[in-house]
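Each chain gets a letter, A, B and so on, in the order the sequences are listed, and its residues count up from 1. As the structure is a computational prediction, the values presented were derived from the model and not from experiment.
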Amino acid sequence: MNFIIESTVKAIKELYHADIAPSDISLQETRKEFEGQVTIVTFPFTKFSRKSPEQTGAEIGEYLKNSLKEISAFNVIKGFLNISICSAYWIDQLYTEILKDDFAVLKPNGKRVMVEYSSPNTNKPLHLGHVRNNLLGYSVAQILEAAGYEVIKTNLVNDRGIHICKSMLAWQLYGNGETPQSTGEKGDHLVGKYYVIFDKEYKKEIEFLKSEGQTEEEAKKNAPLIKQAQELLLKWEAGDEKVIDLWKTMNTWVYDGFGKTYKALGVEFDKFYYESNTYLLGKDIIDEGLQSGVFFKKEDGSVWIDLTEDGLDQKLVLRADGTSVYMTQDMGTAKLKYDDFQMDESIYVVGNEQDYHFKVLFLILQKLGKTWAKGLFHLSYGMVDLPSGKMKSREGTVVDADDLIAEMKTTAKAQTEALGKINDFGEEEKEQLYHTIGMGALKYFLLKVDPKKRLLFDPNESVDFQGHTGPFIQYTHARIKSVLNRATITGMETDPTELAPEERDLIVTLTQFPDIITQAAIAYNPGTVANYVYELAKTYNKFYHEHSILQAEDELVKQFRLELSVASAKVISKAMNLLGIDVPERM
RNA sequence: GGUCCCAUAGCUCAGCUGGAUAGAGCAACUGAUUUCUAAUCAGUAGGUCUCUGGUUCGAAUCCAGAUGGGAUCACCA
């Protein structure tokens, strides 16, 4: 559409002798109720023309129509110049742009970006909150790649610390040597079970101590279980062989379980970092900051940074005993990641409860003069809440990821069977399809909303399969494929005839795809793609309903509609892939 | 208390750097299938865009304030 903007700049120069920048012209889609495809708002030009918005629009419209062969008509309503572009232009767009293999393949921008997501703790299975994180991270990575970045997907696994020791301790005390093999339980669930047991027993001890007259705080500190867990952590840090062995064994169980969940979610990673390797990092940065005066030492030996000038607080970066805190590690890990990959940008997909932490982290790194710090970005997303409130793994009030995935598949199965369209499928093929549809529904449900917004998930109200949903779009794809399977495409191009409105709208929508990718990449928002592909599917369905493809008026029209269908299926499939959603050939 | 995020139809959400009569889906009601997949399409109904001011030819959108909801301000991660 750039040619219209360029001509409008010229029009204003010739008609009103004024220079305006192309960026000052706002070109927008014409609203459905008016004639035309693009609209120019003429209010801003009246100060040059010194005429009414209507008259200005008419003059510019006349100029454009005379100078551009693509423009077939125009009309002016109030301050809006609506332009109709001729069918030949749109048909040309279909054959020379949309149908080409490199359509919506954006040029490499020479930039490398790291997307860190998932980042689970290894003491419990993944829940719905993690699912949102994983889908968001994976989709953003896909979108950035489509937008021309070189993308590195990383997962920083929190595999050490007191929470893991709690699971280990509870397993030692109450586990009777249970293993995933002996119980048939998925490894991460087995370990998570002992995490919950720990919490239950710990609470009992607290109650008991309170009944003996201790305060809540004292009881929490003095309970034997927490003391034992802390001892375990000290032994781990000292490298005690038996403790390390148990830790390794239980983590292996968990990774095995996570691997299955990741596979079911369809997410993957290029590089894993483990906190057991990185938790001691960052101390050299502390020294560096002390020397440069960015940090200061208090009397007790603890190290701090004063951010009050930036509207934040004083923040501890190293304990008095010289051990690191979360911030210390994160500084060190940020540096490690940069040393490994020298990326231009680094995106942390982490919940919004850590907004403050990342604000501080990035600010500290900037103050330390790290040139790469300006490329750091916290992709913050809202929590997933249940009607009953916040999910808490410790208390077992979570929507488990594996359960949810299984449920989605069951629902997909029931819906599909009720329609009875795939009775000729083999068992394996059926299972595959149920998974594709179930995950399509779940992924679309989670990705269509703005990441910033918190999400309320009611487990009793199942995720929809009709309307503005993943399966709706998947269905549109399958439907197109079904038509295409019944026809032969000869590859002959149509004559530039007059397009029906539904055909033209479909091409117009298709041409927007590259822009959508760019927009989604800039905003780190898969929702942009999700809403676009829904719009596209709706537009196709309308076209499909109004026009017969196989029984078209003549062979040329038929071939044209087939090509239009090919293009639509291609864009739908590609857009859905940016969301990490597969589209079936039949359903 | 300080800081950050959110507020649009009964419900779940779109609405790009300000533009026309604020759009979808779900739920409710009506209609379309001897015709390419009806998980579809067409229609009816549903709104003080939380409130108050400001900027502007023009504000759901930008600014200020208020109200409500959430998060955070740990020598936890």
With a 3.5 Å cut-off and sequence neighbours excluded, list the donor-acceptor pairs that the side chains of residues 530-537 of chain A form with protein atoms.
unit_1 : atom_1 : unit_2 : atom_2 : d
A:N531 : ND2    : A:G527 : O      : 2.9
A:Y532 : OH     : A:T509 : O      : 2.7

Legend entry - Ring centroid separation A:Y348 to A:F358 under 6.0 Å: yes
Inset, instruction - List for me each residue that meets ring-ring contact (aromatic ring centres under 6.0 Å, His included) alongside A:W247, sequence neighbours excluded, and say none if there are none. - result: A:W236
Legend entry - Length of the line joining A:I473:CD1 and B:A14:P, which is rounded to integer Å: 15 Å
Inset, instruction - Send over the distance from A:E553 CD to B:U35 P, rounded to a whole Å. - result: 20 Å
Inset, instruction - Could you tell me whether A:T39 contacts a base, only the sugar-phosphate backbone, or nothing, with contacts defined as non-hydrogen atoms closer than 4.0 Å? - result: base
Legend entry - P atoms of B:C75 and B:G15, separation to the nearest Å: 39 Å
Legend entry - Length of the line joining A:F34:CZ and B:U21:C1', which is rounded to integer Å: 8 Å
Inset, instruction - Assess the pair A:F543 and A:Y540: is the distance between their ring centroids shorter than 6.0 Å? - result: yes
Inset, instruction - Using a 4.0 Å heavy-atom cut-off, write out nucleotides 37-45 of chain B from 5' to 3' as B (base contacted by protein), S (sugar-phosphate only) or - (no contact). - result: BSBSSS---
Legend entry - Donor-acceptor pair between A:E502 and A:H547 side chains, under 3.5 angstrom: yes
Legend entry - From A:N277 atom CG to A:T333 atom OG1, the distance as rounded to the nearest 0.5 Å: 10.0 Å
Legend entry - Value in whole Å for how far the C1' atom of B:U12 lies from CZ of A:R132: 13 Å
Inset, instruction - Could you tell me whether a side-chain N or O of A:T323 sits under 3.5 Å from a main-chain N or O of A:R319, the two making a donor and an acceptor? - result: no
Inset, instruction - Just compare B:A14, B:C36, B:G19 and give me whichever is closest to any side-chain atom of A:N531. - result: B:A14
Inset, instruction - Identify whether any heavy atom of A:V41 sits under 4.0 Å from a base atom; if not, whether one sits that close to sugar-phosphate; answer base, sugar-phosphate or nothing. - result: base
Inset, instruction - Grab the CD-P distance between A:E35 and B:A20 for me, whole Å please. - result: 19 Å
Legend entry - Ranges pairing with ranges for RNA chain B, where each run has three or more Watson-Crick or G-U pairs under 3.5 Å: B:1-7 with B:67-73, B:10-13 with B:23-26, B:28-32 with B:40-44, B:50-54 with B:62-66
Inset, instruction - Specify the closest pair of heavy atoms between A:E35 and A:S84, including all atoms of both residues, with the distance to one decimal. - result: CG-OG, 4.0 Å
Inset, instruction - Considering only atom C1', compute the distance from B:C57 to B:C16 and round it to an integer number of Å. - result: 22 Å
Legend entry - Donor-acceptor side-chain pairing of A:S167 and A:N123 below 3.5 angstrom: no
Inset, instruction - Between B:G23 and B:C63, how far apart are the C1' atoms? Round to whole Å, please. - result: 27 Å
Sort me out a list of protein N/O and nucleotides 7-10 of chain B N/O pairs below 3.5 Å, or just none if empty.
unit_1 : atom_1 : unit_2 : atom_2 : d
B:A7   : OP1    : A:K453 : NZ     : 3.0

Inset, instruction - Using a heavy-atom cut-off of under 4.0 Å over every strand shown, decide if A:H547 touches base, sugar-phosphate, or nothing. - result: base
Legend entry - Same-atom distance (C1') from B:C41 to B:A24, integer angstrom: 15 Å
Inset, instruction - Under 4.0 Å between any heavy atoms, over every strand shown, what does A:N82 touch: base, sugar-phosphate, or nothing? Just pick one. - result: base
Inset, instruction - Could you tell me the separation between the NZ atom of A:K558 and the CG atom of A:L550, rounded to the nearest 0.5 Å? - result: 5.5 Å
Inset, instruction - Grab the two heavy atoms, one from A:V350 and one from A:H378, that are nearest each other, plus how far apart they are. - result: O-NE2, 2.8 Å
Inset, instruction - Would you please indicate yes or no on a ring centroid separation below 6.0 angstrom for A:F362 and A:F377? - result: no
Inset, instruction - Would you mind reading off the distance between A:L447 atom CG and B:C13 atom C1', rounded to a whole angstrom? - result: 14 Å
Legend entry - Same-atom distance (P) from B:A22 to B:A38, integer angstrom: 34 Å
Inset, instruction - Could you check how far CD of A:E535 sits from P of B:A24, rounded to whole Å? - result: 9 Å
Inset, instruction - Would you please say whether a donor-acceptor pair under 3.5 Å links the side chains of A:R586 and A:N485? - result: no
Legend entry - Comparing A:K359 and A:Q551 on RNA chain B - which has the more 5′ nearest nucleotide: A:K359
Legend entry - Touch class at under 4.0 angstrom, heavy-atom based, for A:P44 against every strand present: base
Inset, instruction - Could you check which of B:A20, B:U3, B:C36 has an atom nearest any side-chain atom of A:I549? - result: B:C36
Legend entry - For atom CG of A:D464 and atom P of B:C11, their distance in whole Å: 16 Å
Legend entry - Distance-only polar pair, side chains of A:T39 and A:T30, donor-acceptor under 3.5 Å: yes
Inset, instruction - Using a 4.0 Å heavy-atom cut-off, write out nucleotides 69-77 of chain B from 5' to 3' as B (base contacted by protein), S (sugar-phosphate only) or - (no contact). - result: S-SSS-BSB
Inset, instruction - Mark yes or no: A:K297 above the aromatic ring of A:W304, with NZ or CZ under 6.0 Å from the six-membered ring centre and no more than 45 degrees from the axis. - result: no
Legend entry - Centroid under 5.5 Å and tilt under 30°, A:F43 to B:G58: no
Inset, instruction - Write down the distance separating the P atoms in B:G43 and B:C26, rounded off to the nearest Å. - result: 14 Å
Legend entry - Any donor-acceptor N or O pair under 3.5 Å, side chains A:T436, A:D582: no
Legend entry - Inter-nucleotide C1' distance (B:G68, B:G58), Å rounded: 30 Å
Legend entry - P atoms of B:A14 and B:A9, separation to the nearest Å: 12 Å
